[in-house]
Structures are given as C-alpha cells and as structure tokens.
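First up is the structure itself, then whatever we jot down about it.
Small disclaimer: the values here were computed from a predicted structure and weren't measured. All chains are named by letter (A, B, ...) in the order of the sequence lines, taking the proteins before the strands, and each is independently numbered beginning at 1.
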Number of protein chains: 2
Amino acid sequence: MRLVIAKCSVDYAGRLSAHLPIATRLLLVKADGSVLVHSDSLSYKPLNWMSPPCALSTVEPDQDHLDAGITEIWKVVQAKTADQLVISIHEILLDTTHDLGIDPGLQKDGVESDLQKLLAEQIELLGEGFHLVRREHMTAIGPVDILAKDAAGASVAVEIKRRGDIDGVEQLTRYLELMNRDPHLAPVVGVFAAQEIKPQARMLAQDRGIRCVLLDYDAMRGMDDSHSRLF
Amino acid sequence: MRLVIAKCSVDYAGRLSAHLPIATRLLLVKADGSVLVHSDSLSYKPLNWMSPPCALSTVEPDQDHLDAGITEIWKVVQAKTADQLVISIHEILLDTTHDLGIDPGLQKDGVESDLQKLLAEQIELLGEGFHLVRREHMTAIGPVDILAKDAAGASVAVEIKRRGDIDGVEQLTRYLELMNRDPHLAPVVGVFAAQEIKPQARMLAQDRGIRCVLLDYDAMRGMDDSHSRLF
DNA sequence: CGTTTGATCTCGCAT
DNA sequence: ATGCGAGGTCAAACG
C-alpha cells in the first residue's frame, strides 16, 4: 500500500464525468492497483476512485502542464470498462509504501440471515399454533424467506427485512400473487416481518392485506438455545 | 488527517457486531474525528469504520491486554447512536499527521438529473408531436419525472433512470395507477426511459403496457444548445 | 429535523 | 457472465 499526500486535481471519465479542483488530498494506491482519493472529511466514501482490475501509469507532463505547475501525472485505467482516472499532481507532501499482506477478513453477526434463522426457530412469534414448513421456499421468481402454516392450516408467506421499506412489500406482493395461483398452496396470506417498518411500507402492506410484524433481534437472540449455550 | 499503519484487531458493536482478527492495516483518522480501517485490497469500502459525529479516545491497556501484546487501545464512539469501534493496537509502523484543509468538492456530470433535463428539452425523442407539460409533476405519492402529451393529446408519464431495473417499473406503475384515477389526466400511458434497461425490467414493463425507451446521453448532450455553446 | 431516493453505489451469492 | 438482493449501505436533496 502506497500512501501519498499531494496537492492535486483529479478528473474521472467513465460511467459519468467528474472533476476535482486542485487541493491537498490523500492518494491511496492498494496492492491490487486500485486507487482511492480521500479528503479530510466525509468518512467512508472516497471523493474519487478506481476499482480493480486497473493499471496505474505515470505520464510525463508536457510544457503546458509544467507551466501550470503540474510536476507529475498519474493515469489509472480500468482493465475492462476503460474508465479513466487522471490525477495531476502539483506537489507531493508525503510518499510512503508499506506491505500489509492479505487480510483475514471481517466476521459479521446480526444480518438478515440471522433474523431469518431465528424467526424460523421461533415461528410461533407470528401467532399461536403457527408452524414452519421451510425456509427459502422456492417460487418461479425467487425464494420466499419463510413458508409457514397457521393454526388453521392456511399457508403463510413471510418476507423478512432488517429495515422494512416499500420495496420489501412489493417483493412479497409478487410472491403472494404467484403463490395464490398454485392450487396446492392457495390461499396464501402474507406477513412482512422486520426490525423496523417505515410508515409508507406499513400503509402499503395494510392496503394489500399483508400483516406487519416487528422483530426484536436481541429478544429473539436471547431466546435462542444455541446462543444462550455460549454463556 | 492522521495516517497510522498498525498491527491491530478491531471490534465493532452497533447495528451489528463485527470482528477483524489481528493483521496489519491502515487506520485513517479524519479531521472530523471519523475513522476508517482499510486493508491492502478491496478498493472503495473500508473494512470497518465510524462515521461522524464521533469521538476517539485512547484507553489505557490493562495487564491482560499487555500480556496479549496490546500496546494501545482506541475507542471510537458515535455521538448519537452509541455505536462503538474498538481498535486494539499491537504495533505501530507509521504514524503521521497532515493538515489537508477543506476540499472544494466534486463536480459531476451525467447523473439522473442531467438526463431528465435533457429529455425534457428533447421530448420529441419519445415520438413525433410529443410536447412537455412539466418536469417533476406532483402526485399524492411523489413526483413523476416528466409529464408530457403525445401527438393525440393523451397524457404520458415518463420515469427516468440511468439504469433501469425492476424497481423503476414498479414505481412508474404506482404513479400510473394513481394518475389514471384522475379524470383530468386519464388515460395516462407510461414510458420507462433509461440509458440501460435490464431484461427483467423490460419484460415487466411490456407486461404492463409500459413503453421502454433507451436514452443516449452523449447524443442528447450533443443536441443540447446550452452545452454546444461552450465549444 | 426526519424521510426519500440516487449511487461511478459496492458486494456477495445463485443461476 | 448476469441477475438479484442486501448494505453498519452512504450521502444529498427535499419537506
């Protein structure tokens, strides 16, 4: 990884065009050749960047460039899309390279798949007498998160989101429409389950006869045997 | 901006839990207090981070930590959500600070608003005799990108995307459903206009009687008077 | 302030 | 490869 702090201007031409006026920024060149341009604010997202696979080359500045104060030009081209990033450097304040080695990677916990697993194990949270048919029930247009049956034996399709917005309701609606055409399943009722449900999503769901259920991840994890065994 | 290259492990607890095993990484502390943890690959996205507003404090390692080889502990807490990022440092290989000043910011060209402006000016691209009623026509559930009339005087609702996928078709469908209930507008036909349209989105649109139109941004910009005057 | 929507979204998984 | 869904989405625009 090469770290350069430099006074520079940057131009990107690819999926769109973008320009960064001259200023002092951090230029990050990673081992895979990718380049990130970061300013001193706006965390997370670089001002500009080039994703791998890409190649960095330095171009000799011509007299016009030199007159404009440009001492060095980096040209980064994407190998597949031919997107271009051109960094015109006026002054280098830091230039250091370190070998970091490969990273073991991030371990996550608490994402949608965890919610799905917990709700499948605690399907009675949806109501007395509910039982699980299967997770990831396949339909022609994709898998329904959970298929269950209620106390009366009617089919229940459950869509699970961490954050429930309008898209999730649309998705569940398409599944329900399709599943209700299947005489082996119909009638199928829908349940939209999420840790948080946006008002507009709740409205749309109600309008379509879909029940909304709020999930409490911490409480559900607390009920989980495999988790509680760890303590 | 402070740049630190260090052998460290990282733990995040907030909207989810995440852990990074010990390895050498770049730690980036920005002027606003935000922190980014980058590895030497996977451009763009940090392995872990904390967004502003947040506060960084150093915690004195206890004997257990010291025995484990930890020489320094950073604790970063989000001011509002109380999310926590804990960085346990084993060895510092680089530690340098530079004042970058504020960045003038990125200038973009070619995003959705540009497409909308150009299509509004060149509405006849949709067909002979089309004319613009207005951009951002308000409905009860939000603004339709462009409202136009065709040669026969029938209303046309246009949804514009850079990349047209199924969500855009759903969105337009909701608008059409609503607008067709309005006797002043009905009947309203839909046009889904994008630089690129995914096959599944095209299928769904066709199924709902919505016309798909591919937009050529460069050609449209070439036709644009205000742009050509610049050259 | 909350809420919505776009993004050079990125990223991962399944087909 | 391509499509699809999720993201600690982020971040800007709008009410």
Side-chain angles (χ1 to χ4, degrees), chain A residues 10-18 34-37 41-52 54 76 78 80-85 105-106 108-116 136 138 140-143 145 159-168 170-171 174 194-196 198-201 217, chain B residues 11-18 34 36-37 42-52 54 78 80-85 105-106 108-116 136 138 141-143 145 159-163 165-168 171 194-203:
Chain A
V10 183
D11 287 274
Y12 166 76
R15 279 166 285 185
L16 54 62
S17 302
S34 58
V35 177
L36 286 77
V37 181
S41 62
L42 289 172
S43 179
Y44 191 83
K45 192 180 171 174
L47 288 168
N48 221 323
W49 71 95
M50 185 62 73
S51 303
C54 61
V76 191
Q78 229 282 347
K80 306 213 157 187
T81 62
D83 287 14
Q84 264 199 351
L85 189 68
L106 188 66
K108 286 186 186 181
D109 170 41
V111 292
E112 188 193 310
S113 60
D114 297 309
L115 271 181
Q116 187 192 114
E136 302 287 349
M138 275 309 299
I141 55 171
D145 288 338
E159 177 66 34
I160 300 174
K161 297 285 177 194
R162 280 198 323 104
R163 292 182 180 181
D165 62 11
I166 221 163
D167 288 352
E170 296 284 13
Q171 192 180 340
R174 290 195 295 273
Q195 285 185 272
E196 176 194 347
K198 300 281 175 69
Q200 292 215 356
Y217 178 72
Chain B
D11 287 275
Y12 165 77
R15 277 165 286 186
L16 55 63
S17 303
S34 57
L36 286 77
V37 181
L42 290 172
S43 179
Y44 188 86
K45 193 182 169 175
L47 288 167
N48 222 322
W49 71 95
M50 187 59 74
S51 303
C54 60
Q78 230 281 347
K80 305 212 158 192
T81 62
D83 288 13
Q84 264 199 351
L85 189 69
L106 188 65
K108 288 186 184 180
D109 173 40
V111 291
E112 189 191 307
S113 61
D114 298 310
L115 271 179
Q116 187 193 114
E136 303 286 353
M138 275 309 298
I141 56 172
D145 289 339
E159 178 67 33
I160 300 173
K161 297 284 177 195
R162 279 199 323 104
R163 290 182 180 181
D165 62 11
I166 222 164
D167 285 354
Q171 192 180 342
Q195 283 184 275
E196 178 195 346
I197 297 180
K198 301 280 174 66
Q200 294 217 354
R202 185 180 291 276
M203 289 279 285

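The distance from atom CH2 of B/Trp49 to atom C1' of D/dG7 is 8 Å, rounded to the nearest whole Å. At whole-Å resolution of the value, CG in B/Leu115 and P in C/dA7 are 9 Å apart. For the pair B/Leu106 CG and C/dA7 C1', the computed distance is 12 Å after rounding to whole Å. Atoms CG (A/Asp114) and C1' (D/dG7) sit 14 Å apart, rounded to a whole Å. Rounded to a whole Å, the CG atom of A/Asp167 is 13 Å from the P atom of D/dG7. With rounding to whole Å, B/Glu196 atom CD is found 16 Å from D/dA1 atom P. Straight-line distance from the CD atom of B/Gln195 to the P atom of C/dA7: 10 Å, rounded to whole Å. Residue A/Asp83 contributes atom CG, which lies 10 Å from atom P of C/dT10 at whole-angstrom precision.
Minimum heavy-atom separation, A/Gly168 to A/Glu159: O-CG, 4.0 Å. Scanning all heavy atoms of the two residues, the minimum distance from B/Met50 to A/Ser43 falls at O-OG, 3.7 Å.
Counting non-hydrogen atoms under 4.0 angstrom, A/Thr81 reaches nothing in the nucleic acid. Nucleic acid contact for B/Ser113: none, since no nucleic acid atom lies under 4.0 Å from a heavy atom of the residue.
In this structure, A/Lys108 NZ and A/Asp114 CG are separated by 11.0 Å, a value rounded to the nearest 0.5 Å. Atom CG of residue B/Asp165 and atom CD of residue B/Gln171 lie 10.0 Å apart, to the nearest 0.5 angstrom.
Two residues, A/Met138 and A/Met50, neighbour DNA chain C, and the one matched to the more 5' nucleotide by heavy-atom proximity is A/Met50. When each of B/Ala18 and B/Ala201 is assigned the nucleotide of DNA chain D with its nearest heavy atom, B/Ala201 is the one assigned upstream, toward the 5' end.
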Could you walk me through whether A/Lys198 and A/Ile166 pass side-chain contact (heavy atoms from CB on, under 4.5 Å), step by step?
CA-CA 8 Å; A/Lys198 300 281 175 69; A/Ile166 221 163; over 6 Å; no
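Taking every side-chain heavy atom of B/Tyr44 into account, C/dT10 is the closest of D/dC10, D/dG5, C/dT10.
In this structure, the side chain to side chain donor-acceptor pair (under 3.5 Å) partners of A/Arg174, at least two apart in sequence or on a different chain, are B/Glu170. With sequence neighbours excluded, the residues satisfying side chain to side chain donor-acceptor pair (under 3.5 Å) with B/Asp11 are B/His19.
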Whether each nucleotide of nucleotides 1-6 of chain C has a protein heavy atom under 4.0 Å at its base (B), only at its sugar-phosphate (S) or at neither (-) is summarised, 5' to 3', as S--S-S
